[in-house]
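From a predicted model like this one, the values you see are computed outputs, not experimental measurements. All chains are named by letter (A, B, ...) in the order of the sequence lines, taking the proteins before the strands, and each is independently numbered beginning at 1.
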2 protein chains.
Amino acid sequence: MASHGVRGRSGGRPTLEEVAARAGVGRGTVSRVINGSPRVSDATRAAVQAAVAELGYVPNTAARALAANRTDAIALVVPEPETRFFAEPYFSDMLRGVGAELADTQMQLLLIFAGNDRERRRLAEYLAAHRVDGVLLVSVHADDPLPELLSQLEIPAVVSGPRSAEETLTSVDSDNYGGARAAVEHLLGRGRTRVAHITGRLDVYGARRRVDGYRDALRAAGHEVDELLIESGDFTEEGGRKAMSALLSRRPDLDAVFAGSDVTAAGARQVLRESGLRIPEDVALVGYDDSAIARHMDPPLTSVRQPIDNMGRAMIDLLLTEISDKRPSGLRRGERRHAVLPTELVVRASS
Amino acid sequence: MASHGVRGRSGGRPTLEEVAARAGVGRGTVSRVINGSPRVSDATRAAVQAAVAELGYVPNTAARALAANRTDAIALVVPEPETRFFAEPYFSDMLRGVGAELADTQMQLLLIFAGNDRERRRLAEYLAAHRVDGVLLVSVHADDPLPELLSQLEIPAVVSGPRSAEETLTSVDSDNYGGARAAVEHLLGRGRTRVAHITGRLDVYGARRRVDGYRDALRAAGHEVDELLIESGDFTEEGGRKAMSALLSRRPDLDAVFAGSDVTAAGARQVLRESGLRIPEDVALVGYDDSAIARHMDPPLTSVRQPIDNMGRAMIDLLLTEISDKRPSGLRRGERRHAVLPTELVVRASS
DNA sequence: AGGTACTGTGGGAGCGCTCCCACAAGTGAT
DNA sequence: ATCACTTGTGGGAGCGCTCCCACAGTACCT
């Protein structure tokens, strides 16, 4: 009878029960101490902590997860192939912020790629098994079924880069509107009067917000918006080249360009050079993202920096709130939250 | 009484018991089907599978982990800061291999950085809590306490790049000896007779093996080893420059250089150029790693490619075997294993 | 006929925790 | 003295699974 279920005993690790015995208290009390409940007297707490230290007690995560119905893990879902993940600094910055914010939590971060169908199916299973308490979604496409799945499964989730102004998921974004506005105001402040804009992909909400910022900056400064100075791009270098050519043929007298991304700006720069225009003497150029390209361009590119790591931190913040809001059975506190973080204009030689 | 412990019920997910009831069998039988035990009749299996499908049953990982004393998760531990992880293609290649090999398993991969003391402490706690069934260690330093901790906790582990010929952990490595030997034989085959070698950091086992390969290739071809043609480097570009200068001053008549890494080769190349020596006409150059540098160098660099993604696959393979060897209580089958994967010489214009 | 073996199955016990009810003891208002 | 709280504590029940023992049924030897 004594030697009945010695089977598992997970490598002889001490259990809550043993700690309780050692400290001369009940199981519940040890649990309370471990979980930081305030309803424990100081003396008892000290005794329990001593026992924990002596025995080298470490809670069994699986048992906790089973009893409490939570996993203490959250997933960072990257809906891109791994290659892109490594190539774009966006993700590593994001990961850094997320990691930092999570460091003094006991939450575990899982990195999950969902770049192809197979991986997406696996992710769906994973979520169906409720193996995480919450999900961080970086850059979702407008038609992605994932958000729907998440709310169906009632899994808390936070998305970076909302899909629209009516985003249903809690979201974190940088201030695209404000960033664009600051960029244009900077150009106007430098005495430029005919500021063009090469947009990003307009099915991306953030790109549309940048256009809004561009327009409002002009209006606020008393200029009227010349639609011929707006040309849509797609975030790529090639798109930047095409758009720049179009703009130059329509408005050869333009004296500044605000590009939707640094890469786009790089494309625009090529065309400007080929047209014999000097940067910034003839045409000032401003990009967006403040990526490595911006720093290494000739001349160095003025650009709008997004606080990506802080976005990561904010995402964790919101997610943890959602998770704990959900915990006390049923009733949900707080509304859908949308955090918008300020951007910063980094002025360099191109403007 | 009926509504007693409805508390958790994890979002109303069906349980094993419910599947059993639906299929008209016992709990044990369902468990057997789920876990692919062969001791189930075909008819019963079909009935259970139908019930599983109808109910949309997904096993509860926590319960399984608790009962079976395993986690179905393994950790990929990167003993470097995150920045390095993103910067070096080594890790992304490794991750790709690991991911691919794990794809048709139900094992979950955790990526854990242990670049600073804080992270290392966190990792230690993590391992102490036995939150993973096994650990993949990529590139351990000779004095790292991690291997010791792992064997103390009896956690299966596989390391890439053994620390010595007596590595105690199961290891996977590429054939440094063979790769070096092939490189040197290639140079000799091209008619070079005075082949120098700039080594890697000699506290790294793989670098020492490359020196062995270099020596043996020369001897096998009937040359004797000229110690003045060997200069130690440290895998860096600066180290390559210094070593090359030293070699040139000692042996101005050398006609080939085998460098310990592509980066080292890049350093050597600079010095050769500055000395007015042409590559490959005057001096042939071969690197190691076949990194992006090699392809983009002028002239493109002949280099030894390591099958990093396959190393990742092999590591998973070995780790899974260790884990399952450990499972059936106590007795360990098989010895410490050391896999060595073949390298490939990629010939380009520099030799 | 009796043994011995194997196949397939049901279900008890137990994994280590959290949750919550019960209850003792103390505190203050009535 | 009584009631009503509050604070601190113990421990039962239960989370959903796996493991393993027990046992019925069948098959194949002596």
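Between the CG atom of B:Leu318 and the NE2 atom of B:His338 there is a distance of 10.0 Å, given to the nearest 0.5 Å. Distance check: B:Arg84 CZ to B:Phe91 CZ gives 7.5 Å after rounding to the nearest 0.5 Å.
In this structure A:Arg122 satisfies the side chain to side chain contact (heavy atoms under 4.5 Å, CB included) test with no other residue, sequence neighbours excluded.
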Side chain to side chain donor-acceptor pair (under 3.5 Å) between B:Ser92 and A:Glu82, intermediate numbers included = CA-CA 8 Å; B:Ser92 85; A:Glu82 304 185 15; over 6 Å; no
Could you walk me through whether A:Asp309 and A:Leu95 pass side chain to side chain contact (heavy atoms under 4.5 Å, CB included), step by step?
-> CA-CA 7 Å; A:Asp309 49 348; A:Leu95 192 58; over 6 Å; no
Kindly indicate, with the supporting measurements, whether the criterion salt bridge (charged side-chain N to carboxylate O under 4.0 Å, His left out) is fulfilled by B:Arg120 and B:Asp117.
-> CA-CA 5 Å; B:Arg120 297 183 85 86; B:Asp117 272 0; 5.2 Å; no
Go through the steps for A:Tyr126 and B:Gln108 under the test side chain to side chain contact (heavy atoms under 4.5 Å, CB included), then give the verdict.
-> CA-CA 10 Å; A:Tyr126 203 79; B:Gln108 163 69 12; 3.3 Å; yes
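The shortest distance between side-chain heavy atoms of B:Leu319 and B:Ile74 falls below 4.5 Å.
The one candidate from A:Leu110, A:Val138, A:Ile112 that meets the side chain to side chain contact (heavy atoms under 4.5 Å, CB included) condition with A:Leu76 is A:Val138.
Rounded to an integer number of Å, the gap from B:Asn60 CG to D:dC17 P is 6 Å. The separation between B:Asn69 atom CG and D:dC20 atom C1' is 16 Å, rounded to whole Å. The distance from atom CD of B:Gln106 to atom P of D:dT18 is 10 Å, rounded to the nearest whole Å. Taking atom CZ of residue B:Arg64 and atom P of nucleotide D:dC17, one finds them 8 Å apart after rounding to whole Å. In this entry the distance linking NE2 of B:His130 with P of C:dG16 reads 12 Å, nearest Å. Computed from coordinates, the B:Glu18 CD to D:dC15 P distance equals 10 Å when rounded to whole Å. For B:Asp72 and D:dT18, the CG to C1' distance is 12 Å, given to the nearest whole Å. Note: CD (A:Glu17) to C1' (C:dC17) measures 10 Å, nearest angstrom.
Residue B:Arg32 has its side chain nearest to D:dC20 when only D:dC20, C:dC17, D:dC17 are considered. Set against C:dC15, D:dG10, D:dC20, the side chain of B:Ala67 has C:dC15 as its closest nucleotide.
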Side-chain donor-acceptor contacts of residues 155-162 of chain A below 3.5 Å, not counting sequence neighbours, with atom names and distances?
from     : atom 1 : to       : atom 2 : distance (Å)
A:Ser160 : OG     : A:Tyr90  : OH     : 3.1
A:Ser160 : OG     : A:Ser139 : N      : 3.4

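The stretch residues 40-57 of chain B touches DNA chain C through B:Val40, B:Ser41, B:Thr44, each having a heavy atom under 4.0 angstrom from the strand. The stretch residues 20-31 of chain A comes close to DNA chain C through A:Arg27, A:Ser31, each having a heavy atom under 4.0 Å from the strand.
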Look for any protein N or O under 3.5 Å of an N or O in nucleotides 4-7 of chain D and output each such pair with its distance, or none.
from  : atom 1 : to      : atom 2 : distance (Å)
D:dT7 : OP2    : A:Arg39 : NH2    : 3.4

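Taking the centre of each ring, A:Phe85 and B:Phe86 come in below the 6.0 Å mark.
Side-chain atoms of A:Asn60 come within 3.5 Å of backbone N or O of A:Ala62 as a donor-acceptor pair.
A close approach under 4.0 Å does occur between a side-chain nitrogen or oxygen of A:Asn35 and OP1 or OP2 of C:dT18.
Of all heavy-atom pairs between B:Thr71 and A:Arg131, the closest is O-NH2, 4.3 Å.
Over its length, the helix from C:dA1-D:dT30 to C:dT30-D:dA1 turns its helix axis by 40°, as judged from the five terminal pairs at each end, rounded to 10°.
Few gaps surround CG on A:Asp104; more than 12 heavy atoms of other groups in view lie less than 6.0 Å from it.
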